[in-house]
Number of protein chains: 2
Amino acid sequence: MASHRAPRLAKKPPDQYHHGDLQRALLQAAVRTIQKHGIAGLTLRAVGEELGVSRSALYRHFADKAALLEAVAREGFRTFRLALLAGWEGAGRGLAGFDAMGMAYVHFALEHPWHYRVMFGSGFDRSASNPELTEESSGAFQVLVDALVELQGQGLVRSDDPQSLAHFIWALVHGIAMLAIDGPLQHDGVDIDALTRFAIERLHTGIAAGPSAEGRATPVTLR
Amino acid sequence: MASHRAPRLAKKPPDQYHHGDLQRALLQAAVRTIQKHGIAGLTLRAVGEELGVSRSALYRHFADKAALLEAVAREGFRTFRLALLAGWEGAGRGLAGFDAMGMAYVHFALEHPWHYRVMFGSGFDRSASNPELTEESSGAFQVLVDALVELQGQGLVRSDDPQSLAHFIWALVHGIAMLAIDGPLQHDGVDIDALTRFAIERLHTGIAAGPSAEGRATPVTLR
DNA sequence: ACCTGAACACCGTTCAAGT
DNA sequence: ACCTGAACACCGTTCAAGT
């Protein structure tokens, strides 16, 4: 790019001080390394090698390894929130939007399993004051709460405390995601999509037997 | 214990070859170390020190560190299964037993968080053929399946595929447990017991609004 | 049979030194 | 201001050697 004399081209031009934005490059390299070698195989040496940079260069841009993982989690929560929102709004909100948001949740976990693992794993202190991370995290959660409040306003969802409802539903999809990624649903030939659809149906009508629920084709959506 | 001459008493008598059952002692020491220093702080050196034994002595009884963690998980699944069964039978089976089993699930996770983390964490290969572990694990799952089949036989639960129902319910309680232990429910002042009870209620009747569910004090348990 | 202790190949992190 | 390279204190694992 700049004007040096006849640079001997390596794959990445080590012209200036290596990068204009090493911070961002380190983040991306960390994600690639995790995808290749797992979260335990994320070593600062491997990250540095991928960029042709010393292993201690990272410390100019991140406090330590945990901070690097936090950055990965933050990036994950950001795109996660957008995915949930896209599901909700893409299906035109309402009960269809609610269901689409649930599917989007599980799909995100299946499509970005490593991001999801880092986001909800224990690679860093969640309690240690980390305002940026908790903000992104609760931002994603808020999408669900907002949707529930809207549905309650339309009389489509029970008028319970929205926080409790949201925690309940979040736990459900989180559980499906975790069991699908790392748990026994992984290799048992379970159709995750079908299970998720089933779970969302049961979310609407419950599991109780009896004329009020059993045999009804569509969930109760009076009014 | 045995007859040596005037043993200079250390805390643990290093009389013979240290232990009659080092394997079991190592397992317990591992659990204690994890409880004290976290799952990442589990080092073979720390385990050995706790027993006054070399750090390589472990390799006589476990293939490697992952095998030690697997043993912890196996022990966890065994007592977990018993806890679920105690809830189910202690409450006299039926719907009350079902609810008690759900509470027992979450309570186990809250009372043995480190065991739970190891059981469902990624400290070892779950796919790598490990028959003993998967047997214990699916044994715990089977308690739930059996209960559901029994409830279906009594007409108390929808006649869906019991496996799907079990996966759905398992995901829910697993999600609550994970969010309560490591997630944002941890320090938000959320009453986990109340949330679990609420979740189990919603499990019965669903979240839909309308006369068929809203306002009814007790879940539908016709017949 | 069971355990030790040195050795090996790895880690994350620090810090003086280079440009 | 940004990065290097040596050094430090840790790891898990192996293996000859002791009893």
Side-chain angles (χ1 to χ4, degrees), chain A residues 1-2 4-5 7 10 12-27 29-30 33-34 36-72 118 121-125 128, chain B residues 1-2 4-5 7 10 12-27 29-30 33-34 36-72 118 121-125 128:
Chain A
M1 252 184 227
H4 276 264
R5 49 229 149 96
K12 291 153 201 159
D15 269 2
Q16 343 134 341
Y17 257 123
H18 286 102
H19 290 91
D21 192 355
L22 184 57
Q23 167 134 8
R24 176 142 195 80
L26 283 166
L27 182 63
T33 306
I34 291 176
K36 225 179 293 174
H37 302 104
I39 197 165
L42 174 70
T43 69
L44 303 190
R45 280 158 170 82
V47 172
E49 254 174 37
E50 184 133 346
L51 297 176
V53 116
S54 159
R55 56 185 168 275
S56 46
L58 176 135
Y59 287 88
R60 190 65 42 177
H61 300 96
F62 295 95
D64 51 13
K65 191 185 173 182
L68 181 61
L69 275 173
E70 277 177 26
V72 173
V118 173
S122 45
F124 47 88
D125 257 0
Chain B
M1 247 191 224
H4 276 263
R5 48 228 148 95
K12 290 153 201 157
D15 269 3
Q16 342 135 342
Y17 257 122
H18 286 102
H19 291 91
D21 192 354
L22 185 56
Q23 167 135 8
R24 174 141 197 82
L26 284 167
L27 181 61
T33 306
I34 291 176
K36 224 179 294 175
H37 302 104
I39 197 165
L42 173 71
T43 69
L44 302 190
R45 280 158 170 82
V47 172
E49 255 174 36
E50 185 134 345
L51 297 176
V53 116
S54 159
R55 55 187 170 276
S56 46
L58 177 135
Y59 288 88
R60 191 64 40 177
H61 301 95
F62 295 95
D64 52 12
K65 190 184 173 183
L68 181 62
L69 275 173
E70 277 177 26
V72 174
V118 172
S122 45
F124 47 88
D125 258 1

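A, B, ... follow the sequence lines: proteins, then strands. Residue 1 opens every chain.
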Checklist entry - Got a second to check how far B:Phe62's CZ is from B:Leu27's CG, nearest 0.5 Å? => result 5.5 Å
Checklist entry - Rounding to a whole Å, what distance do you find between B:His37:NE2 and D:dC10:P? => result 13 Å
Next on the checklist: Quick check on DNA chain C: between A:Thr43 and B:Arg45, whose nearest nucleotide comes earlier from the 5' end?
Outcome noted: B:Arg45
Next on the checklist: Near DNA chain D, counting only heavy atoms under 4.0 Å, which residues of residues 55-64 of chain A show up?
Outcome noted: A:Ser56, A:Ala57, A:Arg60, A:His61
Checklist entry - Just how far is it from atom CZ of B:Arg60 to atom CD of B:Gln23, taken to the nearest 0.5 Å? => result 12.5 Å
Checklist outcome for this item: Whole-Å distance, B:Glu49 CD to C:dG5 C1', equals 15 Å
Item to check | CG on A:Leu68 to NE2 on A:His61, rounded to 0.5 Å | outcome: 12.0 Å
Checklist outcome for this item: Pairing partner of C:dA9, by Watson-Crick or G-U wobble and under 3.5 Å for both distances, is none
Next on the checklist: Can you measure A:Lys65 atom NZ to D:dC11 atom P for me and round it to whole angstrom units?
Outcome noted: 14 Å
Item to check | Separation between CG of A:Asp64 and CG of A:Leu58, rounded to the nearest 0.5 Å | outcome: 8.5 Å
Next on the checklist: Within the 4.5 Å heavy-atom criterion, are B:Val72 and B:Leu42 side-chain neighbours or not?
Outcome noted: no
Checklist entry - Out of curiosity, A:Ser122 OG to A:Ile39 CD1, how far, rounded to the nearest 0.5 Å? => result 8.0 Å
Checklist outcome for this item: Partner of C:dC3 under the Watson-Crick or G-U wobble criteria, both distances under 3.5 Å, comes out as none
Checklist entry - Contact class for A:Leu68 (heavy atom, under 4.0 Å): base, sugar-phosphate, or nothing? => result nothing
Checklist outcome for this item: Between CG of A:Leu26 and C1' of D:dC2 the distance, given in whole Å, is 12 Å
Next on the checklist: Closest approach to the side chain of A:Leu44, judged atom by atom: which nucleotide of D:dT13, D:dT4, C:dT13 is it?
Outcome noted: C:dT13
Item to check | Base-pairing mate for C:dA17 - Watson-Crick or G-U, with both contacts under 3.5 Å | outcome: none
